[in-house]
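Every value quoted in this text rests on a predicted model; they were computed, and no experiment measured them. Throughout, a chain's letter reflects where its sequence line sits, starting with A, and its residues are numbered from 1.
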Amino acid sequence: MIMWLMAVRLALRSLNRNKLRAALTVLGILIGVAAVVAMTALGDGAKANIERQLGALGTNLLMVFPGSNTSGGARTEAGSRPTLSEEDAEAIGRELYSVQAVAPVLSAAAQVVVGSRNTATRIQGTTVSYFRVRNWSVARGSAFTDADLRISARVCILGETVRRNLFDRGEALGATIRVGRMPCTVVGILATKGQGSFGNDYDDTIVMPISTVRARLRGLSTREVNQVLVSVRDAALMKRAEEQITSLLRQRHRISAQDENDFSVGNMQDIMATLETTRATLSALLLSVAAIALLVGGIGVMNIMLVSVTERTREIGIRLAIGARSGDILAQFLVEAVALSLLGGLAGLGLGWGAGTLLGKTMEWTVTFSPSAAVVALGTSSGIGVIFGYFPARRAAKLDPIQALRHE
Amino acid sequence: MSADEIVLEMRGIEKAYLTGEVVFRALKGVDLTVRRGEFLAVGGPSGSGKSTLMNLIGCLDRPTAGQYRLAGHDVSGLDADARAFVRNQLIGFIFQGFNLLARTSALENVELPLIYRGMGSSERRRRAVDALRHVGLGTKLDNTPAQLSGGQQQRVAIARALVTEPKLLLADEPTGNLDSTTTEEVLALLQSLHRDQGMTIIMVTHEPDVAQCASRIVVVRDGLIASDRRVETPRQAGVDPVSANPLLGGASS
Ligand SMILES: Nc1ncnc2c1ncn2[C@@H]1O[C@H](COP(=O)(O)OP(=O)(O)OP(=O)(O)O)[C@@H](O)[C@H]1O
Ligand SMILES: [Mg+2]
């Protein structure tokens, strides 16, 4: 016990005497650990994000888009010809038992103005069931009603971001805002939902009756929609519902057997899987950077420890002569190597933290730092210290006292 | 004569070194018995095997052949860790080059052998301070070797050797790096240890007047003990080193 305590004191003293050398030596480990920490943070962040989104959107959500091309659930705006309509949405809700609720969505981009403040945002025109399908509640005020839908009422519900941009601390409920050229009364404020996986802000939106968007904002004569959101009764019915929706729409659109769909059905799991793949690629990249940096760092530690053993051969000789056992010498140099790489690990932890946060900010990714990242960082670096410090330490421990004492 | 009075006993000790293909016999069968309280000076020409003998006596090395009993135990065949233990428990070393740890205070240097005994820090410190006071360095506890004169450094080394209360004090040319004044200082210290505490000391030296301070002189020649004689009246070292040295202006005092 005393031996180890002394070894720690000796190691700290020795590092203190060679500050610059120690700093340069641990650079590799620093970078490696930083990469590991950033990777875990991003990975944990992405995972938390995905889980949150699945919760936020409802795991049983299916999305139907017009146009045939989808890749991994991401919509390509190929369909110039409107192929999905409110009638389709109604049919899905009416005819399929596996479906619990359906919400058509017609969106528009618009400039929104109140007094001197204005903001650009996305308007979602939909029906009352939208809130249920998206598992999204109105925090204050109330949702619009079926009556509002029938008369294309000029009412809207603000996302939290829009509310903040337009009203800040002022009262939004009951106020009249201008959406494009249309005046509109704020009847509700949506609950906060936060960030989406692409860095999109769910709260940067305005929801209003679909009829209002169609007639007053887009001026459309058809009942086309951009999206139909479908909430499936049970997670086990997802595949089934997807098939049923496909065959129903093919039938309604009169698509012959050899032709492709003019719509696509995506589910959240698919989209999340794509995200997960991206995340895994990034993780693998970071991990290989980390592995290389740690290897280089470890070799650096080994090299400097070998130098240190050579420099201090005489000291080792003195210690051996007055009764140090080879185990004492081994402990001394091993602890020094571990202390050295732990130093790098701690610095790397800080750097990884900073880099992860910065990356999260600039790329709009969610970054989560868990205590496990610290454990991983310090565990990895002390492991490196033991592995790469062992060889030099053993060399020191095996020195012959007489030869060592004679060393200049 | 009772057995416990014999500190070390060597019978037919040989040491051969292998350099490349050539075997060199540095010691060719040394018999040596040293009793408690003896002050032995080992002389002889350069390369005769004095240091080799001292390394064997100090258990820094193992003999190629022969038997070696130290304080009643056979130590001829011990492995490295066992020899480290013996060195720590029974032997104090003083070297020609002092061999103190650089950038480390006198106190910490003296504590070092006790650390490897696993002694607690307060006891260790107390003993180290005592040892340094004993060699007259009670005011230099925190000085590093670089902040001490050669004679003072050698006295720190002596304190380090004494702090473990060894059975045997070994000194390989302890005055080899010192001028005549400090040589006398160090010799006086060794003589007082011998006289007042009955310490057993073995000291290698080239200089006849240094050897004359011991109670017995052994001469090694060509790997063998060539002569072994008692000194009837050892010279008292450092009686008045100042007046003995004209460079220090002894006449004016
Ligand atoms: N490790 C070794 N390998 C080979 N030969 C050695 C080794 N150590 C000592 N020798 C040889 O053994 C002989 C005795 O050496 P030793 O150091 O004991 O001499 P010494 O009497 O102490 O001489 P000096 O008075 O110069 O210190 C020398 O010829 C030396 O070259
Ligand atoms: Mg010698």
Colleague: Does atom CZ of B:R62 have more than 12 heavy-atom neighbours from other groups under 6.0 Å away?
Modeller: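 More than 12 within 6.0 Å, yes.
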Colleague: For the pair B:R87 (side chain) and A:I322 (backbone), establish whether a donor and an acceptor sit closer than 3.5 Å, ignoring hydrogens and angles.
Modeller: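 Between the backbone of A:I322 and the side chain of B:R87 there is no qualifying donor-acceptor contact (under 3.5 Å).
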Colleague: With rounding to the nearest 0.5 Å, note down the distance linking OG in B:S51 to CG in A:L405.
Modeller: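 Result: 11.5 Å between the selected atoms.
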Colleague: What I'd like to find out is whether the side chain of A:R319 reaches to under 4.5 Å of the side chain of B:L101, using heavy atoms alone.
Modeller: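 Yes, close enough: below the 4.5 Å cut-off.
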Colleague: Where is the tightest heavy-atom contact between B:A84 and A:A324, given as atom of each residue plus distance?
Modeller: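 Shortest heavy-atom separation between B:A84 and A:A324 comes out as CB-O, 3.6 Å.
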Colleague: Please give me the minimum heavy-atom distance between A:A321 and B:F95, naming the atom from each residue.
Modeller: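 Distance-wise, the nearest heavy atoms are CB-CZ, 4.0 Å.
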Colleague: Given that the side chain runs from C-beta out, which part of A:R312 has a heavy atom under 4.5 Å from chain B: side chain, backbone, both or neither?
Modeller: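 Neither; nothing under 4.5 Å.
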Colleague: Which bit of B:A102 is near chain A, if near means a heavy-atom gap under 4.5 Å: side chain, backbone, both or neither?
Modeller: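 The backbone, not the side chain.
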Colleague: Roughly how far, to the nearest 0.5 Å, is the CD1 atom of A:I318 from the CG atom of B:L100?
Modeller: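 The distance works out to 7.0 Å.
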Colleague: Measure the CE-OH distance between A:M6 and B:Y116 for me, rounded to the nearest 0.5 Å.
Modeller: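 If I round to the nearest 0.5 Å, the distance is 4.0 Å.
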Colleague: Counting only non-hydrogen atoms closer than 4.5 Å, does B:R117 touch chain A with its backbone (N, CA, C, O), its side chain (CB onward), both, or neither?
Modeller: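 Nothing of B:R117, per the 4.5 Å heavy-atom cut-off to chain A.
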Colleague: More than 12 heavy atoms of other residues, nucleotides or ligands under 6.0 Å from CZ of A:R314: yes or no?
Modeller: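 Buried by this count: over 12 neighbours within 6.0 Å.
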Colleague: Do A:R325 and B:F85 make a side-chain contact, defined as non-hydrogen atoms from C-beta onward lying under 4.5 Å apart?
Modeller: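 In contact.
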Colleague: Give a yes or no on whether a salt bridge exists between B:E108 and A:R13, defined as a side-chain N under 4.0 angstrom from a carboxylate O.
Modeller: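 A salt bridge is present here (some side-chain N lies under 4.0 Å from a carboxylate O).
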Colleague: For chain A, find which of B:N88, B:L60, B:N99, B:D61 contributes the most heavy-atom pairs closer than 4.5 angstrom.
Modeller: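 Greatest number of close heavy-atom pairs with chain A: B:N99.
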